[in-house]
There are 2 protein chains.
Amino acid sequence: MATTRGERRTRGAGPVSAEQIEQEAIRLFAEKTYPVIGMRDIADAVGLLPGSLYVHISGKEDVLLRIVEKGIQNYLDAIGRAADSHESASDRLRAAFAAHFEVLSRTPEQTRVAFFQWTYLSPAKRGRVIAMRQRYEDLFVDIVRDGVRTGEFRQLRSPRVTVLAFIGMLNNATEWFHPDGELTALEVANELAETALRGIQA
Amino acid sequence: MATTRGERRTRGAGPVSAEQIEQEAIRLFAEKTYPVIGMRDIADAVGLLPGSLYVHISGKEDVLLRIVEKGIQNYLDAIGRAADSHESASDRLRAAFAAHFEVLSRTPEQTRVAFFQWTYLSPAKRGRVIAMRQRYEDLFVDIVRDGVRTGEFRQLRSPRVTVLAFIGMLNNATEWFHPDGELTALEVANELAETALRGIQA
DNA sequence: CCTACCGATCGGTAGG
DNA sequence: CCTACCGATCGGTAGG
């Protein structure tokens, strides 16, 4: 029941920064989830005593908020670039899938926290996160609607449900994709984009 | 920060059963997740004092285990029947999607707990759950492999990745599907099965 | 950045 | 099923 806490960092390894605290928090939250990680676990990981964390951060929830916001922003940036080109809807969807897996392979732990643990934020802090998630969803909605409009994609009975299914597929890949697995991020992205596109092309 | 606890049940509404405790726990875990729900919350919901819960249950984790195991079993039963017929692989995949959404629409909260909160079980109790999840996955793997073997589906570069994507799509639907939404469970299942099948058919 | 500590809350139990 | 309570742990702070 009691978690064995890791050893303290060796002293003299330099002063601790808020950035380092976030990095260790990402690792711990991704491994065990936010509510079961204590400030004492984070303190152990960076080699401070619990109270000393508050020199660098303002509170536990604030650490989570920063991790989540930056984590989603990584996806908005990468997929935003992919969705912005003047290529066909098919090529933009392919590029969006590739961008998604590229970010996932670069930040797998932060992705787990950002996609699945933002729900632990108090209502007051959720607003911006929900808006960011909406923008992320809209990037895909726009591509699919575009393709349907130009006739590149077939008339879907419910474009929204289809997009939610695609996004769910991508989000859930966080649970099984390993950056150092048999297939590279690009290979997995291409495989899934191929199936998704065949599924909706006219 | 502090959760306002619900009121106690009116006394005299009959004795409490383990079944009722599980039902309230499903509701609360689905709403807020296992670690942030206290035994005091569950006690309030069923109208007992915290200590009295232990007349009916042996511990918090045991309640979670039962919810998770029954929750997954619902899917194994329904999808197992769908996957067992002598129809084509396409029809069996369609039936499996329909069965999935039928169970989801019947037990949305238990699904949320079973699919996403089994990770809070201690390693000792995870074994059976992981085995059940594997059987669930294999039901889909078998259908897809079958279809590829008979030439009904195209040669996939990675059948496993494709199946994981389909399952991820279904699992993630737990987050957006509403039983009383615009589309029925069967309509959503058909829409997604259509796209998935077009994606992999030869 | 540490020492020392706060009030609150946790899952669970003894004894009736 | 309640009364009364246990030891452990939680996020966070005062004062240096």
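Note that the structure is predicted; figures quoted are calculated from it, not measured. Residue numbers begin at 1 in each chain, while the letters A, B, ... track the order of the sequences.
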K.L.:
May I ask you to decide if A/L65's main-chain N or O and A/K70's side chain share a donor-acceptor pair within less than 3.5 Å?
P.N.:
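Side chain of A/K70 to backbone of A/L65, a donor-acceptor pair under 3.5 Å: no, none is there.
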K.L.:
For the side chain of B/L49, counting heavy atoms from C-beta on, which of C/dC1, C/dG11, D/dC2 is nearest?
P.N.:
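The closest nucleotide is D/dC2.
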K.L.:
In this structure, how many angstroms lie between the C1' atom of D/dC2 and the CG atom of B/L48, rounded?
P.N.:
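B/L48 atom CG is separated from D/dC2 atom C1' by 10 Å.
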K.L.:
A/D44 has an atom CG; how far is it from atom P of D/dC10, in whole Å?
P.N.:
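The answer, rounded to whole Å, is 10 Å.
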K.L.:
Which nucleotide wins on minimum distance to the side chain of B/V16, given the candidates C/dC2, D/dG11, D/dC1?
P.N.:
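So the nucleotide nearest the side chain must be D/dC1.
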K.L.:
Does this structure show an ion pair linking B/R92 with B/D146, if we count only N-O contacts that are shorter than 4.0 Å?
P.N.:
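Yes, charged N to carboxylate O under 4.0 Å.
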K.L.:
Counting Watson-Crick and G-U wobble pairs only, both distances under 3.5 Å, name the nucleotide matched with C/dA14, or none.
P.N.:
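Checking every strand shown, C/dA14 finds its partner in D/dT3, with both distances under 3.5 Å.
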K.L.:
Rounded to whole angstroms, how far apart are CD1 on B/I57 and P on C/dT13?
P.N.:
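That distance rounds to 10 Å.
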K.L.:
Starting at atom NZ of A/K32, determine the distance to atom C1' of D/dT9, rounded to an integer number of angstrom.
P.N.:
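Rounded to whole Å, this separation is 15 Å.
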K.L.:
Quickly work out the B/L53 CG to D/dC1 C1' distance and round it to whole Å.
P.N.:
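Interatomic distance, CG of B/L53 to C1' of D/dC1: 11 Å.
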K.L.:
So what does A/I37 touch, heavy atoms closer than 4.0 Å: a base, only the sugar-phosphate, or nothing?
P.N.:
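Sugar-phosphate, no base atom in range.
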K.L.:
Nearest nucleotide by nearest heavy atom, which residue falls closer to the 5' end of DNA chain C, A/G51 or A/H56?
P.N.:
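Looking at the nearest nucleotide for each, A/H56 comes out on the 5' side.
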K.L.:
Got a sec: does the CZ of B/R126 have more than 12 other heavy atoms crowding it under 6.0 Å?
P.N.:
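Atom CZ in B/R126 is packed in, count exceeds 12.
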K.L.:
Please give, in whole Å, the distance from D/dT9 P to A/I42 CD1?
P.N.:
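From A/I42 CD1 to D/dT9 P: 17 Å.
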K.L.:
Is the shortest side-chain N to carboxylate O distance from B/E109 to B/R112 below 4.0 Å?
P.N.:
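Here B/E109 does not pair with B/R112 in a salt bridge, since their nearest N and O are not under 4.0 Å apart.
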K.L.:
Which nucleotide sits closest to the side chain of A/Y54: D/dC1, D/dT3, D/dT13?
P.N.:
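Closest nucleotide to the A/Y54 side chain: D/dT13.
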K.L.:
Out of D/dC1, D/dG11, C/dC1, which nucleotide sits closest to the side chain of A/M39?
P.N.:
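Looking only at side-chain atoms, A/M39 lies closest to D/dG11.
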K.L.:
Less than 4.0 angstrom from a charged side-chain N to a carboxylate O is my criterion; do B/D84 and B/R81 meet it?
P.N.:
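Salt bridge: no.
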K.L.:
B/E61 CD to C/dC10 P: how many Å, rounded?
P.N.:
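Taking atom P of C/dC10 as the reference, CD of B/E61 is at 18 Å.
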K.L.:
Could you please name the option among D/dC10, C/dC1, D/dC1 that lies closest to any side-chain atom of A/R40?
P.N.:
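Of the candidates, D/dC10 comes closest.
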K.L.:
May I have the distance from B/D41 (atom CG) to C/dC10 (atom C1'), rounded to whole angstrom?
P.N.:
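Those two atoms, CG and C1', are 11 Å apart.
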